[in-house]
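Down below is the structure, laid out as structure tokens.
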Amino acid sequence: MAPGALAQVLSEIPNLPNPNLLIGYDTADDACVYKVNDQTALISTVDFFPPMVDDPFLFGQIAAANAISDVYAMGGTPTLAMNLLCWPNCLGVDMAGEVLKGGADKAREAGITIAGGHTIVDDEPKFGMCVMGFVDPQKILANSAAKPGDALVATKRIGSGVMNTAVKGGLVDQADMNDLYQEMAQLNKYAAEVGQYFDVHACTDITGFGLAGHLCEMAEGAEVTAYLRYSDVPLVPDADEFARMGIIPAGTYRNQDYFSNRVKWDASLPTEVADLMFDPQSSGGLMFAVAPEDAEMLVDALRAQGLTAAHVGDFHQKEDCFVRIVE
């Protein structure tokens, strides 16, 4: 299914208006936000996906980190979660329990209480969470609030989709991917906490639409153009080589088809750049739009916490596209 296809369907279905709904599905944000009172707003989100690793505990960690990330991307603090588990009978209860334990491990790290959930029998295992959190209504980080001049700072490496495809193809041993898997399982809590001390105007997390796709959503919502410097984007080692070989996930093509008319490229860039910039990330980092005078300080502060951080581009006044990728 093409990215955004269901959003288009939803936009055509009559919905009950609610003045307290501050952010819904109409802005392509990471979560919905509902105003409780002048001091408190509720953030609600849901995310789940099939395994990309063999280890069920690690899969649970990655899926939970991915689901929880949406609350951090909105500037909030996650508080409560419910599990979503689709599980085939042939895999057994013990393995399902390991997935749930992995999710619970990340929930505890995030300070979240798991209050229940729902399980169904399915041919393919899938796991994720419905997550709720809170935010000051004046401090919501919508993805559509970037300003011309803002710097773009990314907090995890790009290329996990390519590398997972290489593992499935037997080109990489899964045992050699531990560094990447730990980064995928890393909560975006720590990057979000650092970001609170800087003049951040907008934020999103980089997941299924890839870096360029999510950047399109930010730029389109803010009516600006984002310049993305490919040479500054932190890549997982060997991801560019595998992309050059054509080892890319199917979601990359869907992302390119959906966003291609909103993105322009320098003619000098190699062909694999498009595949990497639209590479679906299973549990990617945050992408901050920060005041330009704070950009390098934010990068330094993130790196001081042992996190990946790179100033990968900037926002400009609206041009003839929403994203322009340069060398």
Legend entry - Any donor-acceptor N/O pair, S283 side chain to M184 backbone, under 3.5 Å: yes
Legend entry - Distance-only donor-acceptor check, side chains T45 and D70, under 3.5 Å: yes
Legend entry - Non-hydrogen side-chain atoms of T308 and T155 separated by less than 4.5 Å: no
Legend entry - Spacing of CZ belonging to F278 relative to CD1 belonging to I158, to within rounding of 0.5 Å: 12.0 Å
Inset, instruction - Using the rule that two of Ile, Leu, Val, Met, Phe, Trp, Tyr join whenever any of their side-chain heavy atoms come within less than 4.5 Å, decide whether I68 and F134 are in one cluster. - result: no
Legend entry - R324 with D266: basic N within carboxylate O range, under 4.0 Å: no
Legend entry - Joint cluster assignment, M52 & L91, ILVMFWY side-chain distance < 4.5 Å: yes
Legend entry - Minimum heavy-atom distance between Y190 and L307, given as atom pair plus value: C-CD1, 3.9 Å
Inset, instruction - Would you confirm whether K156, through its side chain, and I206, through its main-chain N or O, come within 3.5 Å as a donor-acceptor pair? - result: no
Inset, instruction - Using a 4.5 Å cut-off on heavy atoms from C-beta on, say whether the side chain of T204 contacts that of H214. - result: yes
Legend entry - E220 bridged to R262 by N-O distance under 4.0 Å: yes
Inset, instruction - State plainly whether the residues D275 and R244 are in salt-bridge range, i.e. N to O under 4.0 Å. - result: no
Legend entry - Side-chain donor-acceptor contact under 3.5 Å, H316 with D314: no
Inset, instruction - Group every Ile, Leu, Val, Met, Phe, Trp and Tyr by side-chain heavy-atom contacts under 4.5 Å, then state whether M163 and L235 land in the same group. - result: yes
Legend entry - Value rounded to 0.5 Å, distance of CG in N261 from CZ in F322: 9.5 Å
Inset, instruction - Check whether V53 and F49 end up in the same hydrophobic cluster, where Ile, Leu, Val, Met, Phe, Trp and Tyr are linked by side-chain heavy atoms less than 4.5 Å apart. - result: yes
Inset, instruction - Determine, for D105 against K101, whether the closest basic-nitrogen to carboxylate-oxygen distance falls under 4.0 angstrom. - result: no
Inset, instruction - Classify the side-chain pair Y181/Q186 by whether it contains a donor and acceptor separated by less than 3.5 Å. - result: no
Legend entry - side-chain contact (heavy atoms from CB on, under 4.5 Å) between L302 and V153, intermediate numbers included: CA-CA 10 Å; L302 288 164; V153 173; 4.0 Å; yes
Legend entry - Where C203 and M218 come nearest, the two heavy atoms and their spacing: N-CE, 4.1 Å
Inset, instruction - State whether the number of non-hydrogen atoms from other residues, nucleotides or ligands found under 6.0 Å of D176 atom CG is greater than 12. - result: yes
Inset, instruction - Check for a donor-acceptor pair, side chain of K264 on one end and backbone N or O of C321 on the other, with a separation under 3.5 Å. - result: no
Inset, instruction - Measure across V299 and A310 and return the closest heavy-atom pair with its distance rounded to 0.1 Å. - result: CG2-C, 4.1 Å
Legend entry - Steps toward side-chain contact (heavy atoms from CB on, under 4.5 Å) verdict (V131, M82): CA-CA 7 Å; V131 185; M82 301 186 75; over 6 Å; no
Inset, instruction - Measure from the side-chain N and O atoms of D122 to the backbone N and O of P125, and report whether any donor-acceptor pair falls under 3.5 Å. - result: no
Inset, instruction - Find the distance between CD1 (I112) and CG (L80) and round it off to the nearest 0.5 Å. - result: 8.5 Å
Inset, instruction - Specify the closest pair of heavy atoms between V194 and F198, including all atoms of both residues, with the distance to one decimal. - result: O-CD1, 3.3 Å
Inset, instruction - Answer with yes or no whether the side chains of D279 and Q281 bring together a donor and an acceptor at under 3.5 Å. - result: yes
Inset, instruction - Keeping the roles fixed (side chain from S69, backbone from A65), state whether a donor-acceptor pair exists under 3.5 Å. - result: no
Inset, instruction - Look up atom CE in M177 and atom OG in S160, then write down how far apart they are to the nearest 0.5 Å. - result: 8.0 Å
Legend entry - Any donor-acceptor pair under 3.5 Å from S260 side chain to Q256 backbone: yes
Legend entry - Closest non-hydrogen atom pair between I23 and A31, with its separation: CG2-O, 3.6 Å
Legend entry - Side-chain donor-acceptor contact under 3.5 Å, S268 with E327: yes
Inset, instruction - Any chance you could measure M129, atom CE, to N83, atom CG, to the nearest 0.5 Å? - result: 4.5 Å
Legend entry - Residue pair G285 / N188: nearest heavy atoms and the distance that separates them: CA-OD1, 3.6 Å
Legend entry - Min side-chain heavy-atom separation D38-P137 under 4.5 Å: no
Legend entry - Over-ring placement of K318 relative to F315, 6.0 Å and 45° cut-offs: no
Inset, instruction - Could you tell me whether the side chain of V233 reaches within less than 4.5 Å of the side chain of M277, counting heavy atoms only? - result: yes
Legend entry - Y230 and L269, any side-chain heavy atoms less than 4.5 Å apart: yes
Legend entry - Donor-acceptor side-chain pairing of T225 and Q317 below 3.5 angstrom: no
Inset, instruction - State, yes or no, whether a side-chain contact exists between Y72 and P78 at a heavy-atom distance under 4.5 Å. - result: yes
Inset, instruction - Measure the acute angle between the ring planes of Y258 and F209, then classify it against the limits of 30° and 60° as parallel, tilted or perpendicular. - result: tilted
Legend entry - Spacing of CD1 belonging to I43 relative to CE belonging to M74, to within rounding of 0.5 Å: 6.0 Å
Legend entry - Residue pairs, two or more places apart or on separate chains, that pass side chain to side chain donor-acceptor pair (under 3.5 Å) and touch residues 292-301: E296-H311
Inset, instruction - Could you give me the CA-CA distance, side-chain angles and deciding distance for F48 and N66, then say whether side-chain contact (heavy atoms from CB on, under 4.5 Å) is met? - result: CA-CA 8 Å; F48 65 106; N66 179 72; over 6 Å; no
Legend entry - ILVMFWY network linking I248 to V172, side-chain heavy atoms under 4.5 angstrom: yes
Legend entry - Validation row: D123, P88 side chains within 4.5 angstrom (heavy atoms): no
Inset, instruction - Would you check if F288 and L298 make a side-chain contact, meaning some heavy-atom pair closer than 4.5 Å? - result: yes
Legend entry - side-chain contact (heavy atoms from CB on, under 4.5 Å) between W87 and V99, intermediate numbers included: CA-CA 10 Å; W87 202 252; V99 173; 3.8 Å; yes
